[in-house]
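First comes the structure, then the notes that go with it.
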Amino acid sequence: QVQLVESGGGLVQAGGSLRLSCAASGRTFSSSVMGWFRQAQGKEREFVAAVNWSGGSTYYADSVKGRFTISRDNAKNTVYLQMISLKPEDTAVYHCAADSSSRFSFIIPRARSVDAYDYWGQGTQVTVSS
């Protein structure tokens, strides 16, 4: 069982920065692929970024590559999403998620799939004004 709680969202002007955090509890966190997804109003949830169990491998959606950085601190059971150069189109509710079945593996097609993740946080709102 993994519980996830996001924080760090808010209102920021275009070009600004935010850092999201996702605090996790549960024994499988350190072996799980962790992902960030976002869902804008009226749209489907979409992949943003994923990180493998050690933090040594990451993968990003093309829309955020070069602007967002995902990282994790297993000692603190926390995953981060550093976001810079934010755009109005980044406005969404951001969710972190855990793939507890990944067990030290990192397979890109799986890591970007909503269906691979079995634990989800409640989300944090990010609003970017123009």
Side-chain angles (χ1 to χ4, degrees):
Q1 189 86 6
V2 178
Q3 292 183 320
L4 304 173
V5 179
E6 302 96 335
S7 61
L11 174 64
V12 64
Q13 288 188 330
S17 302
L18 282 174
R19 188 174 84 152
L20 306 183
S21 298
C22 173
S25 62
R27 296 175 57 186
T28 60
F29 171 80
S30 60
S31 65
S32 300
V33 168
M34 297 297 297
W36 284 97
F37 290 77
R38 66 187 182 187
Q39 188 165 18
Q41 195 167 7
K43 295 188 177 181
E44 291 188 354
R45 192 167 295 189
E46 66 173 359
F47 170 79
V48 174
V51 61
N52 78 328
W53 68 275
S54 68
S57 295
T58 57
Y59 183 71
Y60 298 92
D62 287 344
S63 58
V64 306
K65 202 173 294 182
R67 299 188 298 121
F68 291 11
T69 303
I70 187 171
S71 61
R72 66 191 296 164
D73 184 338
N74 286 344
K76 296 182 178 179
N77 274 18
T78 303
V79 180
Y80 304 98
L81 186 68
Q82 178 69 50
M83 306 184 293
I84 66 171
S85 302
L86 283 161
K87 304 175 183 179
E89 51 263 45
D90 294 318
T91 296
V93 176
Y94 283 70
H95 298 266
C96 71
D99 175 4
S100 66
S101 298
S102 54
R103 296 192 179 182
F104 304 108
S105 68
F106 191 59
I107 302 171
I108 298 302
R110 178 181 176 91
R112 67 176 297 129
S113 169
V114 170
D115 294 334
Y117 294 83
D118 46 351
Y119 296 102
W120 292 83
Q122 83 289 347
T124 185
Q125 176 71 47
V126 171
T127 303
V128 184
S129 63
S130 57

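Because only heavy atoms are used, hydrogens play no part in the values below, and waters and symmetry mates are left out as well, while side chains stay in. Treat the numbers as computed from the prediction; the structure is a model and nothing was measured. Counting from 1, the numbers follow the sequence of the chain as shown.
Looking at every heavy atom in both residues, Gly123 comes nearest to Val93 through CA-CG1, 3.8 Å. Across all their heavy atoms, Ala24 and Val2 have their closest contact at CB-CG1, 4.4 Å. For the pair Gln125 and Thr91, the tightest heavy-atom approach, listed with the atom from each and the gap, is NE2-CG2, 4.0 Å. Contact detail for Val79 and Trp36: the closest heavy-atom pair is CG1-NE1, 3.5 Å. Of all heavy-atom pairs between Ser100 and Thr28, the closest is CB-OG1, 3.9 Å. Pairing each heavy atom of Leu11 with each of Ser129, the nearest pair is CD1-CB, 4.4 Å.
Salt bridge annotation for Lys65-Asp62: present, with a cationic side-chain nitrogen under 4.0 angstrom from a carboxylate oxygen.
Separating the OG atom in Ser130 from the CD atom in Gln13 is a distance of 9.5 Å, to the nearest 0.5 Å. Considering CG of Leu18 and CD of Gln82, their distance stands at 8.5 Å, rounded to 0.5 Å. Summarising the geometry, atom NE2 belonging to His95 is positioned 11.5 Å from atom SG belonging to Cys22; distances are rounded to the nearest 0.5 Å.
Between the side chains of Tyr80 and Arg19, no donor N or O sits under 3.5 Å from an acceptor N or O. Checking Ser30 against Asn74 by side-chain atom types alone, no donor-acceptor pair falls below 3.5 Å.
Counting only heavy atoms from C-beta outward, the side chains of Glu6 and Leu20 never approach each other to under 4.5 Å. Within the 4.5 Å cutoff, the side chain of Ser32 has no heavy atoms near those of the Asp99 side chain. Tyr117 has its side chain within reach of Val33: a pair of non-hydrogen atoms, C-beta onward, lies under 4.5 Å apart. Annotation: side chain of Arg67 is in contact with side chain of Asp90 (closest heavy-atom distance under 4.5 Å). Side-chain atoms of Val114 and Trp120, non-hydrogen and from C-beta on, do get closer than 4.5 Å to each other. Phe68 places a side-chain heavy atom less than 4.5 Å from the side chain of Leu86. Using a 4.5 Å cut-off on side-chain heavy atoms (C-beta onward), Trp53 and Ser102 make no contact. Between Leu4 and Met34 there is a side-chain heavy-atom pair separated by less than 4.5 Å.
Counting only distance, with no hydrogens or angles, the side chain of Ser113 and the backbone of Arg110 share no donor-acceptor pair below 3.5 Å. Here the side chain of Arg112 pairs no donor or acceptor atom with the backbone of Ala50 at under 3.5 angstrom.
The side-chain contact (heavy atoms from CB on, under 4.5 Å) test with Arg38 singles out one residue from Val64, Thr124, Val126, Leu81, and that residue is Val64.
Other residues, nucleotides and ligands contribute more than 12 heavy atoms inside 6.0 Å of the CD atom of Gln122.
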**Request:** List the steps and the verdict of side chain to side chain contact (heavy atoms under 4.5 Å, CB included) for Asn52 and Phe104.
**Result:** CA-CA 7 Å; Asn52 78 328; Phe104 304 108; over 6 Å; no

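A chain of hydrophobic side-chain contacts below 4.5 Å, direct or via other Ile, Leu, Val, Met, Phe, Trp or Tyr residues, connects Phe47 to Ile108. In the hydrophobic clustering of ILVMFWY residues, with side-chain heavy atoms under 4.5 Å counting as a link, Ile70 and Val48 come out together.
The distance between the ring centers of Phe106 and Tyr59 does not fall below 6.0 angstrom.
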